[in-house]
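All chains are named by letter (A, B, ...) in the order of the sequence lines, taking the proteins before the strands, and each is independently numbered beginning at 1. Quantities reported herein were computed from a predicted structural model and do not represent experimental measurements.
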There are 2 protein chains.
Amino acid sequence: MDQSNGMLPKKEDRRVRRTKKLLTQALTRLLQEKQISEITVRELTDLADMNRGTFYLYYRDIFDMLEKIEDSMFEALDDIVSLHQNDDVSRQAKPILLDLFRFIEENQEICSVLLSPHGDMNFLHRLNQVVREKCLQLWPNKEEEKDSSFEYHYSFVVYGCVGVFRAWLNGKCQEPAEKMAELADAMIRRGSL
Amino acid sequence: MDQSNGMLPKKEDRRVRRTKKLLTQALTRLLQEKQISEITVRELTDLADMNRGTFYLYYRDIFDMLEKIEDSMFEALDDIVSLHQNDDVSRQAKPILLDLFRFIEENQEICSVLLSPHGDMNFLHRLNQVVREKCLQLWPNKEEEKDSSFEYHYSFVVYGCVGVFRAWLNGKCQEPAEKMAELADAMIRRGSL
DNA sequence: ATGTTATTGAACATCATGTTGACTTTATCA
DNA sequence: TGATAAAGTCAACATGATGTTCAATAACAT
């Protein structure tokens, strides 16, 4: 999960990295306390201890900034998904789930904020779409299962897992990622009762 | 799902009902297009065709307004949950699920918006808490199941159902509520694979 | 050391906000 | 129906955030 906006061939200036990092830290901290819409550019740059104008060198507004942060999250998530391209998820979902739980653990602060009450619904929907596309890639053959209930099944699983992520983050990721992956896999496969 | 802010003994003035209804319609419509934070009081009252000052007679700001709308949603949800107090959800979840799907169908616009990319994470969390309390009431005895995985199970189910709600609303609630309740019940009970 | 680039600080017009007061319209209830 | 209370309108105001600018300074890369 790098903070850069794209895959620039040349690495960014050290000052730019510093600026974006400070802004991201400040935003993460503010989002723990209030809605994104209540956050002003002024208080963000004050907290990051920099000039207000500097913010506008990189972001159009605070929503644009959050979106760019989410972009870098999805780049990292895409990498994880790519590693498990050949997994037969319908038999074994644990491996990819384990990597996901580990990723979340490594990025607790920002993940916690994105899924918090002050978080972003759009993030959930982008997540849902990513999984949807992956599922369609993995099971392009099963024509008989392509009834409408397909949409409901993956939505149920994706959002269900998000719920588990939330609960896990809420408890500061106490349980080991391995145990969580096993639990999630069991609920997907055998239900929750 | 009434629009009143509380349990006022006296019914509100007709003008007040009209004003709040117009504002709610305008907000619902605007939330289909943009984030709540991008909505100004001016454009809201312009769309509702009323004076800007009138808004401030009832709401502190637009977030306050959304919160009050959500409050009335939860009142309606509480009523539904109360009707199923004696249900043994672990055996039969269909009845309460059916009522929930019907409620969503009857309030498509606002539900669709609340769960959309422009929706509200806080709404999900309030929903999660409501279900959590109900679950704790219903199974106060099963001590052996009160390990940490309890938190994960109901979170999985609640968020999973939200995902199904989302998908259903996305397709304009084509499938009958009965079928959806059955499907959701099956996924909760027997998993999604 | 030098040229380049990022950051600063100040200034600016613009717009949304939240509140006020006098005025008009509408609802309620006797 | 008509009196009275309440809701809504309109205009105005101070305040503060916004987004942009420009010259000056600081930090960087080589």
Side-chain angles (χ1 to χ4, degrees), chain A residues 2-31 33-69 72 118 120, chain B residues 2-31 33-69 72 118 120:
Chain A
D2 63 55
Q3 303 288 12
S4 65
N5 351 4
M7 303 277 83
L8 302 181
K10 281 220 172 275
K11 211 165 83 174
E12 283 173 320
D13 192 309
R14 184 191 304 159
R15 290 168 294 181
V16 179
R17 290 197 302 273
R18 190 188 103 101
T19 296
K20 290 187 177 179
K21 189 175 192 175
L22 287 174
L23 284 173
T24 301
Q25 289 174 344
L27 181 60
T28 303
R29 192 162 144 205
L30 286 174
L31 277 176
E33 301 164 9
K34 51 173 80 177
Q35 303 267 12
I36 185 171
S37 31
E38 299 172 276
I39 299 172
T40 67
V41 174
R42 178 173 299 283
E43 72 178 325
L44 182 68
T45 50
D46 278 356
L47 184 58
D49 196 31
M50 65 178 61
N51 191 276
R52 189 169 62 90
T54 307
F55 175 89
Y56 293 102
L57 294 176
Y58 302 105
Y59 308 112
R60 211 175 47 251
D61 52 43
I62 296 191
F63 303 96
D64 180 54
M65 180 180 169
L66 182 63
E67 196 175 329
K68 292 206 163 83
I69 291 177
S72 70
H118 302 142
D120 183 13
Chain B
D2 63 53
Q3 303 289 11
S4 66
N5 352 2
M7 305 275 83
L8 301 181
K10 281 216 173 278
K11 210 164 86 174
E12 283 174 321
D13 191 309
R14 183 193 304 159
R15 292 167 294 182
V16 179
R17 290 198 302 274
R18 190 186 103 100
T19 296
K20 290 187 177 178
K21 189 175 191 176
L22 287 174
L23 284 173
T24 301
Q25 288 174 344
L27 182 61
T28 303
R29 190 161 144 205
L30 287 174
L31 278 176
E33 301 164 9
K34 51 173 79 177
Q35 302 267 10
I36 184 171
S37 32
E38 300 172 275
I39 299 172
T40 67
V41 175
R42 179 174 298 283
E43 72 178 326
L44 182 69
T45 50
D46 277 356
L47 184 59
D49 195 32
M50 65 178 62
N51 192 276
R52 189 169 62 92
T54 307
F55 175 88
Y56 294 103
L57 293 177
Y58 304 106
Y59 308 112
R60 211 175 48 250
D61 51 43
I62 296 192
F63 303 95
D64 180 53
M65 179 178 169
L66 182 63
E67 197 175 329
K68 291 206 164 83
I69 291 177
S72 69
H118 302 141
D120 183 13

For the atom pair CG (A/L66) and CG (A/D61), what is the distance rounded to the nearest 0.5 Å? 10.5 Å
Report all interatomic pairs (protein N or O, nucleotide N or O of nucleotides 24-27 of chain D) with separations under 3.5 Å.
unit_1, atom_1, unit_2, atom_2, d
D/dA27, N3, A/R15, NH1, 3.0

Within the structure shown, what part of the strands sits under 4.0 Å from B/D13 by heavy-atom distance: base, sugar-phosphate, or nothing? sugar-phosphate
Tell me if a side-chain donor or acceptor on A/Q25 pairs with a main-chain N or O of A/L22 at a distance below 3.5 Å. no
Provide a list of protein-nucleic acid N or O atom pairs under 3.5 angstrom, restricted to nucleotides 14-17 of chain C.
unit_1, atom_1, unit_2, atom_2, d
C/dT17, OP1, B/V41, N, 3.4
C/dT17, OP2, B/V41, N, 3.1

Salt bridge or not for B/D13 and B/R17, using N-O below 4.0 Å? no
Closer than 4.0 angstrom, basic N to acidic O: yes or no for B/D46 and B/R42? no
Side-chain donor/acceptor of A/N51 to base of C/dG9, under 3.5 Å: yes
Difference in axis direction between the ends of the helix from C/dA1-D/dT30 to C/dA30-D/dT1, five pairs, 10°: 50°
Would A/E43 and A/R52 count as a salt bridge (charged side-chain N to carboxylate O under 4.0 Å, His left out) if you check the C-alpha gap in whole Å, the side-chain angles of each, and the deciding distance to 0.1 Å? CA-CA 9 Å; A/E43 72 178 325; A/R52 189 169 62 90; over 6 Å; no
Got a second to check how far A/T54's OG1 is from A/N51's CG, nearest 0.5 Å? 4.5 Å
Mind calculating the distance between CG (A/D46) and P (D/dT18) to the nearest angstrom? 11 Å
Check the phosphate of C/dA6 against A/Y58, side-chain N and O only, distance under 4.0 Å to OP1 or OP2. Yes or no? no
Looking at A/T54, does any N or O in its side chain come under 4.0 Å of the phosphate oxygens OP1/OP2 on C/dA6? no
Count the heavy atoms of every other residue, nucleotide or ligand shown that sit under 6.0 Å from CZ of B/R18, and state whether that count exceeds 12. no
Rounded to the nearest 0.5 Å, what's the gap from CD on A/E38 to CZ on B/F63? Could you check? 6.0 Å
Lys/Arg N to Asp/Glu carboxylate O, A/E67 vs A/R60, below 4.0 Å: no
Could you state the CZ-P distance from A/R17 to C/dT5, rounded to the nearest angstrom? 17 Å
Nearest-nucleotide check on DNA chain C, A/R18 vs B/F55; residue mapping nearer the 5' end is A/R18
Under 3.5 Å, side chain of B/T24 to main-chain N/O of B/K20, donor-acceptor pair present? yes
Whether the side chain of A/E33 engages the backbone of A/L30 through a donor-acceptor N/O pair (distance < 3.5 Å, no angle test) should be reported. no
